[in-house]
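Here's the structure, in structure tokens; my notes come after.
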2 protein chains.
Amino acid sequence: MNQRISRKRKEFLTRRGDILSAAEKVFAAKGFYGSTMDEIAKRAEFGTGSLYKYFRGKKDLYFSLIDEKVGEITRLVKAELDKDLPPIERIESILHLQLSFIQRNRDFFKIYISERNRFEWTIKDELGKGVHEKFMTYIDSLGEVMRQGIEGGQLKEMDPRDMAHGFVGIVNSFVFEWIMSPRAYSLVSKRPTITNIFFDGVRSQKTRR
Amino acid sequence: MNQRISRKRKEFLTRRGDILSAAEKVFAAKGFYGSTMDEIAKRAEFGTGSLYKYFRGKKDLYFSLIDEKVGEITRLVKAELDKDLPPIERIESILHLQLSFIQRNRDFFKIYISERNRFEWTIKDELGKGVHEKFMTYIDSLGEVMRQGIEGGQLKEMDPRDMAHGFVGIVNSFVFEWIMSPRAYSLVSKRPTITNIFFDGVRSQKTRR
DNA sequence: TCATTTTTTGAATTCTAATTCATTAAATTA
DNA sequence: TAATTTAATGAATTAGAATTCAAAAAATGA
């Protein structure tokens with residue numbers, strides 16, 4: 001039982017992937033409710049009905065998209081966490097990782113950013129719930145990194161969870177601005193600014209004799 | 001021509017207000033697409049059709065809601081900006097103002113937070129466009145405060161716009177966490193944590209002889 | 001090649017909810 | 001109070017898409 005994932009199956013997955021990337025563009029441009037299955041099908045060069053061979057329905061398509069990418073970045077971050085770096089460098093490298101991933105996946109993050117804060121289906125919907133849960137898991141592991149930094153004396157005494165929230169807040173804000181902005185500057189170039197604010201704050205050092 | 005805004009008109013506005021607050025609760029609980037005009041009408045104790053005497057339609061109702069509250073907080077912040085305080089205290093007092101306003105208007109902010117990042121209608125829709133524009137205006141005036149702080153030597157050299165983004169990022173993050181959290185702690189109590197991170201960063205001071 | 005199975009298709013169906021509007025009720029005024 | 005104007009009502013209409021499904025096309029393999 002080795003290659004019982006072959007041909008047929010492989011082609012199926014390829015087509016599925018094609019549909020996902022068509023959907024990514026449509027959703028990014030018009031949001032969930034603004035997009036129609038017709039438009040996604042047209043863009044992917046399939047008949048409308050065909051999409052239902054690959055996904056249970058519109059929501060399933062949408063959340064599969066989110067799942068796939070979130071899985072990807074999660075794996076990247078996890079790998080980074082396995083490297084044994086000093087806390088501050090570790091945070092910096094995670095930051096770099098994220099910024100460059102986001103830069104490479106602008107369309108997707110347009111979707112993700114507006115989804116993370118959606119209450120509509122956070123409540124009841126099984127699919128929607130996952131998005132926020134995964135975000136919380138991420139905050140948790142980031143908090144763990146912070147805790148290590150505090151224990152090691154590199155970071156100040158403070159609730160590590162709060163610290164993690166502060167961090168993602170700053171990052172999100174720059175990501176959001178970058179995504180909204182028509183001018184296409186490099187997101188990665190914002191890294192020094194972000195670490196500067198997060199690690200050292202905005203107060204002038206001159207005043208602190 | 002003094003009180004040509006009377007009785008009739010006053011009653012009209014009262015009812016309009018009643019509808020708005022019913023809508024606030026429904027939208028906060030279910031989001032824009034999850035809410036129906038029927039439910040809002042029922043909650044406000046009106047017939048469905050009546051809502052259309054007060055608002056052009058669902059979108060208009062929704063954005064009127066946002067407009068009203070954003071106008072309110074904007075006026076408060078503007079008043080605060082008129083007081084002539086040193087930059088750091090000014091930022092702290094704006095922060096306090098906001099946190100307590102948000103604490104008093106949790107339902108509304110549930111709506112607002114998920115709206116600020118909505119692309120669906122940011123693009124074409126006249127109504128939707130306004131939300132993001134007002135946010136940008138807010139960033140601008142915050143940037144101006146930062147600029148003054150930099151000029152006065154209280155804040156370090158840095159693009160004041162970036163500084164403003166960092167600030168709202170941290171704030172948003174704590175607001176978001178507070179809104180999502182079922183545990184009802186005081187949002188205002190997070191103020192010291194926020195200022196601590198924003199002004200002084202998270203790096204331990206011990207390491208900096 | 002041709003019968004059989006699998007996949008694709010998009011028009012027809014179904015569902016959902018916004019909006020309209022003829023009817024009814026309330027308020028105003030003579 | 002009765003006529004008239006104004007507002008409220010909610011059932012009926014309309015609109016917009018998601019989903020289904022019978023027919024057509026493609027792939028398979030004998």
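The structure displayed is predicted, hence computed values, not measured ones. Just so it is clear: chains get the letters A, B, ... in the order the sequence lines come, proteins before strands, and each one is counted from 1.
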*Rounding to a whole Å, what distance do you find between A/Ile40:CD1 and C/dG10:P?*
16 Å
_A/Lys42 NZ to C/dG10 P, straight-line distance once rounded to whole Å_ = 9 Å
*Using the test side-chain contact (heavy atoms from CB on, under 4.5 Å), find all partners of A/Asn196 that sit at least two apart in sequence or belong to another chain.*
A/Asp200, B/Lys156, B/Met158
In residues 167-179 of chain A, what donor-acceptor pairs under 3.5 Å come from side-chain atoms, sequence neighbours left out?
unit_1: A/Asn172; atom_1: ND2; unit_2: A/Val168; atom_2: O; d: 3.4
unit_1: A/Ser173; atom_1: OG; unit_2: B/His165; atom_2: O; d: 2.7
unit_1: A/Glu177; atom_1: OE1; unit_2: B/His165; atom_2: NE2; d: 3.4
unit_1: A/Trp178; atom_1: NE1; unit_2: A/Tyr185; atom_2: O; d: 2.7

*When all nucleic acid strands are considered with a 4.0 Å heavy-atom cut-off, which category describes B/Lys58: base, sugar-phosphate, or nothing?*
sugar-phosphate
_Between P of C/dA26 and NZ of B/Lys53, the distance in whole Å_ = 15 Å
*Please figure out whether B/Tyr52 or B/Glu11 has its closest DNA chain C nucleotide nearer the 5' end.*
B/Tyr52
*Any salt bridge between B/Arg147 and B/Glu144, counting N to O under 4.0 Å?*
yes
*Roughly how far, to the nearest 0.5 Å, is the OG1 atom of A/Thr195 from the CD1 atom of A/Ile91?*
10.5 Å
*asked:* In whole Å, I'd like the distance from the NZ atom of B/Lys59 to the P atom of C/dT19.
replied: 9 Å
*asked:* On DNA chain D, does the nearest nucleotide to B/Thr48 precede the nearest nucleotide to A/Arg56 from the 5' side, or the other way round? Give the residue.
replied: B/Thr48
*asked:* Rounded to whole Å, how long is the line connecting atom CG of A/Leu51 with atom C1' of C/dT7?
replied: 14 Å
*asked:* Taking the nucleotide of DNA chain D with the nearest heavy atom to each, does A/Ser50 or A/Thr36 sit closer to the 5' end?
replied: A/Thr36
*Give the ring-plane orientation class for A/Tyr54 versus A/Phe12, where under 30° counts as parallel, over 60° as perpendicular and anything between as tilted.*
parallel
*asked:* Between B/Arg15 and D/dA7, is there a contact of a side-chain N or O with OP1 or OP2 at under 4.0 Å?
replied: no
*Whole-Å distance separating the OH atom of A/Tyr33 from the C1' atom of D/dA18*: 12 Å
*What is the nucleic acid contact for A/Tyr54, judged by heavy atoms within less than 4.0 Å: base, sugar-phosphate only, or nothing?*
sugar-phosphate
*Please report, rounded to the nearest Å, how far the P atom of C/dT8 is from the CZ atom of A/Phe46.*
6 Å
_Atom-to-atom span, CZ of A/Phe55 to C1' of D/dT20 - whole angstrom_ = 18 Å
